[in-house]
Amino acid sequence: MDFSDNHSIESIFKTVSSYNATLLVVSKKRTNASIIELYDMGFRQMGENRVQDLLEKKDDLPTDIQWHIIGTLQRNKVKYIADFVHMIHSVDSMKLAKEINKQASKYNRTIPVLIQVKVAEEDSKQGINPSEVLSFIKEIIDQEFKNLEIHGIMGMASFTDNIDQIQEEFKTIHSIFKTVLQAYGPNLPHFKEISMGMSGDYELALASGSTMVRLGSILFNNL
Ligand SMILES: *Cc1c(COP(=O)(O)O)cnc(C)c1O
């Protein structure tokens, strides 16, 4: 990594690294020029929440960027990203899982996915209800998909100033992760990621067991 004189971003990176977690740069709505600034510091994992935006940007950016989809993914968009996407964080239905498996098979590859869990209060947040995560994952295992791999879970805390509530939600995500591991660990050899934490709450997320934080504004506002 090469932060030149950017001590803010360097210290964020060091915090994330001290937990052995991955820093995913959320590049949505950012210009290619600013994305390149972060690329030049050494960041290679980038996340977009809309397929259309990703496709528009991608061809003008370095080919060794590993692209993650972090937002709600419509089934009819999977075919546009299936040949290159590095990870999909937002699997929240069986139909979507099936479609990812189908499209990945066309390219003879396996797509790593995370199961999105809904712990926040807002109705706007997507995801599987905590009480249904185990049965959902069991259903996926039973399908024996050849071209889809479950690498972990993803979650988002509520949009609130209440730190105790955010912490409780992160703990819930972490405990769901552990429950899945206990129940189906041997069936899920790649199950190791907990994608949680954004600019406002990533330190709390790391302390609660996050393995991957998704950071946008705190990085781009410090360029
Ligand atoms: C936009 C977004 C982020 C990053 O948000 P910041 O607050 O800018 O860090 C993380 N995760 C998801 C799913 C997002 O849509």
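Computed from a predicted model, the values in this text were never measured in an experiment. Sequence positions, counted from 1, serve as the residue numbers for this chain. Numbering of ligands and ligand atoms starts at 1, following listing order. Both backbone and side-chain heavy atoms feed into the values below; hydrogens, waters and symmetry mates do not.
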Given side chains that start at C-beta, do those of W67 and I88 come closer than 4.5 Å, heavy atoms only?
no
Inspect the contact between K14 and E10 and indicate whether a charged nitrogen and a carboxylate oxygen are less than 4.0 angstrom apart.
yes
Quick check: do I111 and F145 have side-chain heavy atoms less than 4.5 Å from each other?
no
Is it true that F84 and Y107 have ring centroids separated by less than 6.0 Å?
no
About how many Å separate OG of S208 and CD1 of I194, when rounded to the nearest 0.5 Å?
9.5 Å
Quick one: CD on E168 to CZ on F170, what's the gap to the nearest 0.5 Å?
12.0 Å
What does the N/O contact table under 3.5 Å look like for ligand 1?
| unit_1 | atom_1 | unit_2 | atom_2 | d |
| --- | --- | --- | --- | --- |
| ligand 1 | 8 (O) | S217 | N | 2.8 |
| ligand 1 | 8 (O) | S217 | OG | 2.9 |
| ligand 1 | 9 (O) | S199 | N | 3.0 |
| ligand 1 | 9 (O) | S199 | OG | 2.5 |
| ligand 1 | 9 (O) | G216 | N | 2.8 |
| ligand 1 | 11 (N) | R214 | NE | 2.9 |
| ligand 1 | 15 (O) | K28 | NZ | 2.7 |

